[in-house]
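Every chain is numbered from 1, with letters handed out A, B, ... down the list of sequences. Hydrogens, waters and symmetry mates are skipped; everything else that's a heavy atom, side chains included, is used. Because the structure is a prediction, the values reported are computed rather than measured.
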2 protein chains.
Amino acid sequence: MDVFSAIADPLRRELLTRLAAGPARVVDLAAEHPVSRPAVSRHLRMLTEAGLVVADDVGRERHYRLLPEPLVEVRAFAASLERRPPIPESALDALDTEVRRTSRERRLAAPTHTEESA
Amino acid sequence: MDVFSAIADPLRRELLTRLAAGPARVVDLAAEHPVSRPAVSRHLRMLTEAGLVVADDVGRERHYRLLPEPLVEVRAFAASLERRPPIPESALDALDTEVRRTSRERRLAAPTHTEESA
DNA sequence: CATATTGGTAACAACAGAGTTACCTTTCTC
DNA sequence: GAGAAAGGTAACTCTGTTGTTACCAATATG
């Protein structure tokens, strides 16, 4: 389970937010959210696989704790798309022209459309 | 389609990254990625629903363009979990104690476990 | 030691997501 | 105007995810 899929589920995001306030057990999380205990257990397993959560065994209890490191990948992705200045009209025009030129060349030159790399 | 689900798919992330380099058409994106054109078309519809992409109609062509605004929600979520100082051992102990105390109180006081709010 | 509590997992049903091919409409181009 | 190009959608299949209940193992507790 990758980080992006891990945080795609709303309940898992709630669980992470809850764990940000401090460790908790499966029964606690299940009591605080409208899902069964096995459901919480499996969500926690996924979060563990994503490296977002770790469990400290304390006797028969298991204290789940947030591990925010993997979120840097998410932030990096978002940042890479966000930090991009608003494209001026002139640049848009240029890109538009580029698209048209490229497509014409492709139509004239390429017999197959399954070239291996882009 | 919410933003978190939108960026959960690897291909959609690639499409967004590609669109960050400039607008593109469906045929272009389909040629650059190992999926059929209808698949790309539907991914773009989802990205549009998420507000991550917008289409400029140019004749029979449709130029898709990145719209990074919705990503602030993603960054905000990640940041809210990340900006949390490493928890010192003492605090962990305190929280641990808290969990134990709360669970004991709950066991002693609560007859049913299906109270409506937490 | 008997019992309750915690929690993981299996088995199942229901649903959503992602891919494909086939088909249709719209718009260029000759 | 005929044909090619672009693109959206429908229909279908497949797979993964999410939820549930039932069951089992391990550990506290009286």
Side-chain angles (χ1 to χ4, degrees), chain A residues 1-2 4-15 23-50 53 55-64 96 99-114, chain B residues 1-2 4-15 23-50 53 55-64 96 99-114:
Chain A
M1 170 75 57
D2 67 304
F4 291 96
S5 298
I7 66 170
D9 186 89
L11 178 60
R12 279 197 291 271
R13 287 199 298 277
E14 286 186 24
L15 293 179
R25 304 170 304 162
V26 176
V27 280
D28 299 327
L29 298 172
E32 296 165 5
H33 295 92
V35 284
S36 65
R37 185 180 52 70
V40 171
S41 192
R42 226 176 9 185
H43 280 301
L44 288 171
R45 181 172 56 187
M46 288 167 143
L47 290 173
T48 303
E49 284 172 15
V53 142
D56 304 313
D57 281 33
V58 181
R60 76 177 151 181
E61 300 186 352
R62 179 163 277 198
H63 296 187
Y64 283 93
D96 188 80
V99 168
R100 291 168 170 278
R101 188 189 56 76
T102 304
S103 81
R104 175 161 301 151
E105 282 176 0
R106 186 175 294 130
R107 187 177 69 240
L108 295 176
T112 67
H113 60 79
T114 49
Chain B
M1 170 76 56
D2 67 303
F4 292 95
S5 298
I7 65 170
D9 186 89
L11 177 60
R12 279 198 291 271
R13 287 199 298 278
E14 285 186 23
L15 293 178
R25 304 171 304 163
V26 176
V27 281
D28 300 328
L29 297 172
E32 296 166 4
H33 296 91
V35 284
S36 65
R37 186 182 51 70
V40 171
S41 193
R42 225 173 13 178
H43 280 302
L44 288 171
R45 181 171 57 187
M46 289 167 143
L47 291 173
T48 303
E49 285 173 16
V53 142
D56 304 314
D57 282 34
V58 182
R60 75 177 152 181
E61 300 186 350
R62 178 164 278 199
H63 295 187
Y64 284 92
D96 189 79
V99 168
R100 292 168 169 278
R101 188 188 57 77
T102 305
S103 81
R104 176 162 301 151
E105 283 176 359
R106 187 176 291 129
R107 187 177 70 241
L108 294 176
T112 66
H113 59 80
T114 50

Asks: What's the closest nucleotide to the A/P38 side chain, out of C/dT6, C/dA10, D/dA6?
Replies: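 Of the options given, the side chain of A/P38 lies nearest C/dA10.
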Asks: Roughly, in whole Å, what's the span from CG in A/L44 to C1' in D/dT18?
Replies: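 After rounding, the reported distance stands at 14 Å.
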Asks: From the options B/D9, B/I7, B/D2, select the one residue that forms a side chain to side chain contact (heavy atoms under 4.5 Å, CB included) with B/S5.
Replies: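 Going through B/D9, B/I7, B/D2 one by one, the side chain to side chain contact (heavy atoms under 4.5 Å, CB included) with B/S5 is satisfied by B/D2 alone.
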Asks: Working to the nearest 0.5 angstrom, can you tell me the gap between A/H63 NE2 and A/R25 CZ?
Replies: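 A/H63 atom NE2 to A/R25 atom CZ measures 6.5 Å (nearest 0.5 Å).
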Asks: In this structure, how many angstroms lie between the P atom of D/dT20 and the NE2 atom of A/H33, rounded?
Replies: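 Those two atoms, NE2 and P, are 13 Å apart.
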Asks: Tell me whether the OP1 or OP2 atom of C/dT20 has a side-chain N or O from B/S36 closer than 4.0 Å.
Replies: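 Checking C/dT20 against B/S36, a side-chain N or O does come within under 4.0 Å of OP1 or OP2.
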Asks: Please round to the nearest 0.5 Å and tell me the distance separating atom CG of B/L44 and atom CD of B/E49.
Replies: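 Separation between the atoms: 11.5 Å.
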Asks: Using atom CG of B/L29 as one end and atom C1' of D/dG7 as the other, report the distance to the nearest whole Å.
Replies: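 Distance check: B/L29 CG to D/dG7 C1' gives 12 Å.
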Asks: Under 4.0 Å: is that the gap between some side-chain N or O of B/R12 and OP1 or OP2 of C/dA18?
Replies: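 Answer yes for this pair, as a side-chain N or O of B/R12 is under 4.0 Å from OP1 or OP2.
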Asks: For B/R25 and D/dA6, is the shortest distance between a side-chain N/O and OP1 or OP2 below 4.0 Å?
Replies: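 It does, given that an N or O in the side chain of B/R25 lies less than 4.0 Å from OP1 or OP2 of D/dA6.
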Asks: Give the rounded distance in Å between these two atoms: CG of A/D56 and P of C/dT6.
Replies: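 Whole-Å distance recorded here is 18 Å.
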Asks: Can you see if the side chain of A/R42 gets near the phosphate of D/dT18 - specifically, an N or O under 4.0 Å from OP1 or OP2?
Replies: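 Result: no.
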Asks: Which part of the nucleic acid, if any, lies within contact of B/R45, taking any heavy atom under 4.0 Å across all strands shown: a base, the sugar-phosphate backbone alone, or nothing?
Replies: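 Here B/R45 touches the backbone only, sparing every base.
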Asks: Quick one: is the NZ or CZ of B/R13 closer than 6.0 Å to the six-membered ring centre of A/F4, and within 45° of its axis?
Replies: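 Verdict for A/F4: a cation-pi partner in B/R13.
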Asks: Heavy atoms from C-beta onward define the side chain here; which of C/dT20, D/dG7, D/dT18 lies closest to that of A/D9?
Replies: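 Among the listed nucleotides, the one closest to the side chain of A/D9 is D/dT18.
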Asks: Between P on C/dG8 and CZ on A/R62, what's the gap in Å once rounded to a whole number?
Replies: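 Going from A/R62 (CZ) to C/dG8 (P), I get 5 Å.
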Asks: To the nearest Å, how far apart are B/H63 NE2 and C/dT27 C1'?
Replies: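 Taking NE2 of B/H63 and C1' of C/dT27, I get 13 Å after rounding.
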Asks: Write down the distance between CE (A/M46) and C1' (D/dG16), rounded to a whole number of angstrom.
Replies: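 Computing the A/M46:CE to D/dG16:C1' distance gives 8 Å.
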Asks: Starting at CZ of B/R60 and ending at P of D/dG8, how long is that distance when rounded to a whole Å?
Replies: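 Rounded to the whole Å, the gap is 14 Å.
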Asks: Examine C/dG17: is either OP1 or OP2 under 4.0 Å from a nitrogen or oxygen in the side chain of B/H43? Give yes or no.
Replies: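 Negative; the distance criterion is not met.
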Asks: Indicate whether OP1 or OP2 belonging to D/dA6 is found under 4.0 Å from a side-chain N or O atom of B/Y64.
Replies: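 The answer is no; no side-chain N or O of B/Y64 sits under 4.0 Å from OP1 or OP2.
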Asks: For the residue pair B/A30 and B/R37, what are the closest heavy atoms and their distance?
Replies: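 Of all heavy-atom pairs spanning B/A30 and B/R37, the closest is CB-CA, 3.8 Å.
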Asks: So, is B/S41 near the phosphate of D/dG8, with a side-chain N or O under 4.0 Å from OP1 or OP2?
Replies: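 B/S41 to D/dG8 OP1/OP2: side-chain N or O found under 4.0 Å.
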Asks: Using heavy-atom distances to pick each residue's nearest nucleotide on DNA chain D, tell me which of A/R37 and A/P34 is more 5'.
Replies: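 Looking at DNA chain D, the more 5' nearest nucleotide goes with A/P34.
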